[in-house]
Amino acid sequence: MGSTIYDYDLVTIGAGSGGVRASRLAAGYGARVAVIEESRVGGTCVIRGCVPKKLLVYGAHFAEDFADASGYGWTVGQAQFDWGRLIDNKDAEIDRLESVYGRILREAGCEVIDGRARLADPHTVEVDGRVLTAERILIATGGRPHMPAIPGIEHAISSNEALGLAKLPSKMAIVGGGYIAVEFAGIFRALGARVTLILRGDTVLRGFDQDVRTALAGEMVRKGIDLRCESIVRGIEKCEGGVSLRLAGGDLLEVDTVLYATGRVPNTEGIGLAEAGVALDAKGAVVVDEWARTSVPHIHAVGDVTDRINLTPVALNEGRCFAETVYNANPMRMDYENVPSAVFSNPPIGSVGLTEAQARARHGKLDVYVSRFKPMRHTLSKRDERSLMKLIVERAGQRVVGCHMVGPDAPEIVQGFAVALKCGATKQQFDATVGIHPTAAEEFVTMRDALPDPE
Ligand code: NDP
């Protein structure tokens, strides 16, 4: 396989989700592969993203679970929470996963090299003085938090630090209204912090279905989050006990911790991409075609560094498609239609397909089904939390083109319905499916009355 004039058939830069998947499959198909990682094997998802975040989401949710237990007859003593123990246990789990990922790569036959890589020319990578030549290079360097250049931004933390704070914040500001902002707002609020969420848009989660956005914002406010929409931070200053945020309009907000969750940017600086002739877009992301090829034919890129759909399972799929195409003579392209996603807010969101606005623009007439209800669990717990479920059906062909939920287990539920959308299921096929009773999920197969058409 490959050409012997190079040290390796493939050098992968970045051992995150995309890089690891591509490299181990390529090695399994016989390629000589080196993977270079400057930080920790596992990348954003495993080390400083999805996995540690989800562990904190689980940890935080116990606060509500203890409170809810009393309606079911339980008397729970004074519950005590130890942030340090949660962080230590989470860190131990991340260490374990990091070593599992390293082992997977090595057992697949990849050489794992610790250090920062830089392209010296289109076939040569330098790592801390060592020179490696490769027939092909895969850029899988991911992304990092974007911190806007406002005065005092150095006093703010990003999601990287929020996952390992030495002390649980008691009064916190979170800036941004996207996935990361709402997830951390849910975690820290449930753990007892006073949380102010400051966002420049009209409500949280731009890009999601409007009913979903409104429902989540309402639940967040009900849980005591101070939601400040259409609000901008002008500057941050140190003050006694923390930092003071100066908002447009003159308001000051004093908190002990300020977290910025204002998007992420691709890691494309200082690795010699421009010099090697790899084209970047205006945001600095690597431009690729549908086969993960950059402007240099033997240099490829997958995952967040290409800034398409920045989700772990998408990077995994892109990595797999690359390895299958190049090293297994099995041409595969990632299909970006109906990619489901979840937001692990409190309550969480699961979503697949089009929003109502997107569906109207694409299909014209729709049948829209919406259900709002109190989850059965909260009848006895008396918790004031409501769920939302929404199906969007294109009227002419009756295909379900959008499926959205806000409520407990929404990500688990919507994963299954994503298969139905991928198969092009119709509303009649949903209706012909027998519900599982009593569940929230059955609502998706028992929605009978479409909303009246909008004026
Ligand atoms: P998002 O792009 O989701 O949200 C960024 C937020 O920051 C938006 O509300 C945006 O406002 C706001 N913003 C951007 N720039 C500024 C600024 N200069 N000043 C004030 N506000 C600003 O980014 P996240 O950081 O939340 O997450 C990054 C990506 O990571 C996500 O897009 C997603 O792909 C992935 N992710 C996925 C998760 C999951 O699947 N559960 C969890 C976490 C991350 P506006 O809307 O007005 O532009």
Side-chain angles (χ1 to χ4, degrees), residues 51-90 92-93 167-172 182-195 197 211-212 214-227 342-351 370-390 404-417 433-448:
V51 175
K53 176 274 310 287
K54 183 95 187 263
L55 294 173
L56 297 195
V57 167
Y58 281 131
H61 208 272
F62 281 100
E64 290 189 359
D65 298 336
F66 290 133
D68 291 349
S70 87
Y72 287 89
W74 290 89
T75 301
V76 180
Q78 184 61 41
Q80 297 286 327
F81 175 67
D82 183 343
W83 169 255
R85 182 139 46 97
L86 174 58
I87 295 300
D88 288 349
N89 290 347
K90 180 267 293 175
E93 173 60 9
K167 200 164 153 270
L168 181 63
S170 65
K171 196 163 181 241
M172 186 172 198
V182 299
E183 290 181 341
F184 278 105
I187 291 167
F188 288 111
R189 176 66 200 136
L191 292 174
R194 286 162 62 192
V195 175
L197 188 63
D211 283 333
V212 167
T214 310
L216 178 67
E219 295 304 322
M220 291 177 79
V221 169
R222 239 195 298 281
K223 288 178 191 297
I225 291 169
D226 176 8
L227 193 58
V343 185
F344 294 95
S345 44
N346 186 18
I349 295 172
S351 185
V370 174
S371 174
R372 294 182 171 85
F373 58 95
K374 183 180 244 205
M376 187 177 180
R377 175 188 162 96
H378 294 320
T379 52
L380 298 198
S381 77
K382 301 275 187 272
R383 178 169 297 283
D384 184 16
E385 184 185 291
R386 299 182 74 76
S387 293
L388 170 105
M389 293 169 87
K390 180 165 181 177
H404 308 276
M405 176 173 177
V406 183
D409 303 321
E412 307 286 345
I413 292 168
V414 169
Q415 177 70 84
F417 284 100
T433 304
V434 175
I436 299 175
H437 188 71
T439 63
E442 68 180 318
E443 193 66 21
F444 274 134
V445 295
T446 55
M447 289 173 147
R448 296 287 176 252

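In what follows, residues are counted from 1 in the order of the sequence shown.
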Taking all non-hydrogen atoms of both residues into account, name the closest pair between [X] and [Y] and its distance.
X: A410; Y: P348; value: CB-O, 3.7 Å
X: S381; Y: Y72; value: N-CE1, 3.9 Å
X: S351; Y: V414; value: N-CG1, 3.5 Å
X: I225; Y: G186; value: CD1-N, 4.4 Å
X: L191; Y: G59; value: CD2-O, 4.3 Å
X: M389; Y: M447; value: O-CE, 3.3 Å

For D211 and R372, what are the C-alpha separation, side-chain angles and deciding distance, and is it a salt bridge (Lys or Arg N to Asp or Glu O under 4.0 Å)? CA-CA 10 Å; D211 283 333; R372 294 182 171 85; 3.7 Å; yes
More than 12 foreign heavy atoms under 6.0 Å from [atom1] of [X]: is that the case here?
X: F373; atom1: CZ; result: yes
X: F81; atom1: CZ; result: yes
X: E93; atom1: CD; result: yes
X: R194; atom1: CZ; result: no

Would you confirm whether [X], through its side chain, and [Y], through its main-chain N or O, come within 3.5 Å as a donor-acceptor pair?
X: E442; Y: T439; result: yes
X: E443; Y: S371; result: no
X: R189; Y: K223; result: yes
X: E219; Y: P347; result: no
X: D409; Y: E412; result: no

Heavy-atom side-chain contact between [X] and [Y] under 4.5 Å:
X: F184; Y: M172; answer: no
X: F344; Y: V182; answer: no
X: I87; Y: L56; answer: yes
X: W83; Y: K167; answer: no
X: M220; Y: L216; answer: yes
X: F417; Y: V445; answer: yes
X: D384; Y: R222; answer: yes

With salt bridge (Lys or Arg N to Asp or Glu O under 4.0 Å) as the criterion, how do E183 and K53 come out once you've worked through the C-alpha distance, each side chain's angles and the decisive distance to 0.1 Å? CA-CA 8 Å; E183 290 181 341; K53 176 274 310 287; 2.7 Å; yes
Between D226 and K171, does at least one N-O distance fall below 4.0 Å, as a salt bridge requires? no
Go through the steps for N89 and R85 under the test side chain to side chain contact (heavy atoms under 4.5 Å, CB included), then give the verdict. CA-CA 6 Å; N89 290 347; R85 182 139 46 97; 3.8 Å; yes
Take H61 and N346 through the test side chain to side chain contact (heavy atoms under 4.5 Å, CB included) and record every step on the way to the result. CA-CA 8 Å; H61 208 272; N346 186 18; 3.8 Å; yes
Determine, stepwise, if the pair D68 / H378 fulfils side chain to side chain contact (heavy atoms under 4.5 Å, CB included). CA-CA 8 Å; D68 291 349; H378 294 320; 3.4 Å; yes
Measuring from I436:CD1 to I413:CD1, what's the distance to the nearest 0.5 Å? 10.0 Å
